[in-house]
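These figures come from a predicted structure and were not determined experimentally. Quick note on labels: first sequence line is chain A, next is B, and so on, each numbered from 1.
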Amino acid sequence: MNIQEVLSDKVKEAVKSIFDKELPNVEFQPTRKDFEGDITIVVFPMLRVVKGNPVQIGEQIGGYLEEHVDAVAGFNVIKGFLNIVINDGFYLDFFNSISSVENFGFVKESDDAVMVEYSSPNTNKPLHLGHIRNNLLGYSVAEILKASGKKVYKTQIINDRGIHICKSMVAWQKFGNGETPASTGLKGDKLVGNYYVAFDKAYKEQIAKLVAEGTDLKVAEKEAPILLEAKDMLLKWEAGDAETVALWKTMNGWVYKGFEVTYKNLGVDFDNLYYESDTYLLGKDVVAEGLKKGVFFKKEDGSVWIDLTEDGLDEKIVLRSDGTAVYMTQDIGTAIQRVKDHPDVNGMVYTVGNEQDYHFKVLFLILQKLGFSWSNKLHHLSYGMVDLPSGKMKSREGTVVDADDLMADMTRTAATISEELGKLEDYNEEEKQSLYKMIGLGALKYYILKVDPKKRILFDPEESVDFQGNTGPFIQYTYARIQSILRKAESMGIDISKDAKVTELHAKEKELIKQLQIFPDIIQLAAENYSPALIANYTYDLVKEFNSFYQQVSILGESDDEKKVLRVQLSKKVAEVIQDAFKLLGVEVPERM
RNA sequence: GGUCGCAUAGCUCAGCUGGAUAGAGCAUCUGCCUUCUAAGCAGACGGUCGGAGGUUCGAAUCCUCCUGCGAUCACCA
């Protein structure tokens with residue numbers, strides 16, 4: 001039990017006993033560093049229940065607590081703030097109770113299942129920095145939800161059909177000369193992406209030519225021959241034309257192979273996959289049903305709509321006049337299909353950029369109006385775009401930061417810094433490379449995950465991601481340092497299996513235990529808010545606290561054996577929490593660096 | 001134009017349900033490696049929390065208006 005839980009009831013008891021009033025809740029905050037105390041009770045809100053002078057009330061409650069609660073060693077009141085001093089024994093007991101608990105703060109998996117969708121790329125081009133943010137967020141939120149006690153299915157819907165894929169296919173047919181990943185040595189997704197760019201180039205040239213010949217720009221944009229070819233190819237694909245479908249399969253196959261490599265490097269994975277080519281027709285039956293129920297209405301031309309004006313939104317189309325599905329139809333169908341496939345799922349998280357806020361608002365509203373029980377447990381994990389100083393990234397114009405290149409860059413930077421420091425002379429090349437990758441990716445992942453998902457990120461490739469200060473490598477470094485201490489402690493034969501017989505804590509030890517104590521709350525908070533940033537910031541605070549402790553007190557050089565044991569145990573626990581917290585961010589930690 | 005989001009130190013960001021003198025990192029400057037890893041620690045410098053009103057004992061936090069930036073409002077996905 002943490003200190004707030006202990007005190008909360010006692011404060012209510014005090015108010016009841018002294019003033020004969022019922023206090024609905026007690027407001028706590030950590031005591032500011034400039035005052036004596038460990039936790040502060042704010043008296044002001046009590047004034048609504050108890051009339052009087054806040055200082056006097058504070059004094060009276062403080063006195064009651066000191067007398068009736070073992071953990072309370074003393075108190076002081078400043079203005080309306082009751083600062084409570086907690087005795088060291090309380091923190092020692094707490095630490096001993098968690099010191100050998102594995103995965104401290106993690107809640108065991110329950111039957112409450114949730115599906116987390118992330119990544120969901122198009123198959124016409126390689127993954128870029130924007131996808132990296134999506135993947136890291138989705139993966140991390142999935143891990144956090146798991147740690148908070150949910151059962152989690154990680155999934156994605158692969159947008160494997162549509163005009164964008166046909167563009168790459170047309171360009172490959174025209175300019176490809178039969179190139180394959182094998183013949184060029186290129187990653188499949190890169191090869192296909194090159195043709196997407198080639199298409200755009202040819203398309204623009206054709207437009208320019210048409211305009212030069214006197215065609216109106218708008219008309220030229222619609223009638224450029226290569227675009228018509230792509231459209232024609234989409235029709236053939238939809239009709240099941242054997243040759244087209246075969247090419248589509250081949251090229252998508254190349255892309256999947258490429259994606260696999262990127263996902264593996266990035267360290268993300270999925271429990272099951274959905275393909276748009278399988279799901280794009282789903283949802284039509286649901287629309288028909290909803291039409292009967294009056295959720296939707298049909299316009300004269302046969303198109304089907306939903307009227308959301310009463311909910312402050314517009315009318316939204318759910319089926320075209322020719323009866324074909326739109327994006328929304330597909331998403332309705334897919335959501336329902338997912339629950340059919342996994343009946344235990346009671347809620348979904350969609351990791352999709354904030355440009356689609358409106359779409360998801362509408363989607364969730366529609367599912368609600370259709371009456372699905374799980375429709376109020378849907379969440380759009382919306383995040384800001386990653387922009388470059390030059391503006392928005394555009395794949396077709398080639399102005400993107402490629403995911404593979406970026407990861408390789410980060411690894412290289414880690415290598416350079418590491419070589420300069422020269423602490424790993426005895427590592428072999430393979431060990432070094434794996435460590436550099438761990439650090440480089442740690443820097444990248446932490447850099448992206450530490451900021452609030454809602455915020456737009458401006459990424460300047462010229463200014464490299466930091467490796468010092470509030471960064472992944474800084475935290476990894478602290479972990480490695482602790483491992484070094486633990487190795488030494490072991491070789492010194494220090495036995496840390498039993499509780500240390502210590503009665504007093506050093507101020508820094510106490511601060512560390514306090515910080516450890518809130519880890520379980522942070523996990524829950526991060527889960528409720530779908531925010532890896534909370535985990536990142538917590539870990540940073542913990543690590544800062546540890547480094548300060550490390551600098552101020554000697555751990556292995558401590559003359560008192562019991563204190564020495566406690567400090568080693570404390571260090572070990574901090575390392576474990578760092579490792580567990582970073583696991584939630586998808587970042588690994590090294591034994592040395 | 002309607003709707004949604006964002007705005008905190010020169011830069012990048014914290015700031016939980018309103019609470020004490022608004023916190024970190026980077027950058028700049030000072031100290032600390034013959035003792036557990038200096039990718040570290042300790043300190044200095046740096047803020048009218050975009051602006052104006054309001055609610056409150058108390059507002060960076062809540063409400064209203066305004067400004068700036070971004071997104072969105074397709075029989076595209």
*Please check if any side-chain donor atom of A/Y275 sits under 3.5 Å from a side-chain acceptor atom of A/Q156, or the reverse.*
no
*Would A/F467 pass as stacked on B/A39, i.e. its ring centre under 5.5 Å from the base's six-membered ring centre and planes under 30° apart?*
no
Between N or O atoms, less than 3.5 Å apart, protein on one side and nucleotides 3-7 of chain B on the other: list the pairs.
| unit_1 | atom_1 | unit_2 | atom_2 | d |
| --- | --- | --- | --- | --- |
| B/A7 | OP1 | A/K455 | NZ | 3.3 |

*Among B/A77, B/A42, B/C36, which nucleotide sits nearest the side chain of A/R161?*
B/A77
_Nearest listed nucleotide, side chain of A/L556, among B/A24, B/A39, B/C36_ = B/C36
*Side chain of A/S418 only, please: which of B/G23, B/U37, B/A39 is the nearest?*
B/A39
*Under the criteria of a ring-centre distance below 5.5 Å and an interplanar angle below 30°, is A/F474 stacked with the base of B/G40?*
no
*Report the nucleotide, chosen from B/U37, B/C73, B/C76, that has the shortest atom-to-atom distance to any side-chain atom of A/K423.*
B/U37
*asked:* Would you say A/N134 and A/Y383 are linked by a side-chain donor-acceptor pair, where the criterion is simply a distance under 3.5 Å?
replied: yes
*Indicate whether any N or O donor in one side chain lies under 3.5 Å from an N or O acceptor in the other, for A/N83 and A/T40.*
yes
*asked:* Can you work out whether A/Y327 or A/I78 has the more 5'-proximal nearest nucleotide on RNA chain B?
replied: A/I78
*asked:* Quick check for you: among B/C36, B/C73, B/G40, whose closest atom lies nearest to any side-chain atom of A/Q468?
replied: B/G40
*Any idea if B/C66 is syn or anti, going by the 90°-from-0 cut?*
anti
_Strand RNA chain B in bracket notation, Watson-Crick/G-U under 3.5 Å with | for pairs to another chain_ = (((((((..((((.....[...)))).(((((.......))))).....(((((..]....))))))))))))....
*So which nucleotide from B/A77, B/A39, B/A38 ends up closest to the side chain of A/Q330?*
B/A77
_Going by centres under 5.5 angstrom and planes under 30 degrees, do the aromatic ring of A/F44 and the base ring of B/G58 stack?_
no
*Any side-chain donor-acceptor pair under 3.5 Å between A/T123 and A/N252?*
yes
*Take A/S548 and A/Y540, find for each the nucleotide of RNA chain B with the closest heavy atom, and name the residue whose nucleotide sits nearer the 5' end.*
A/Y540
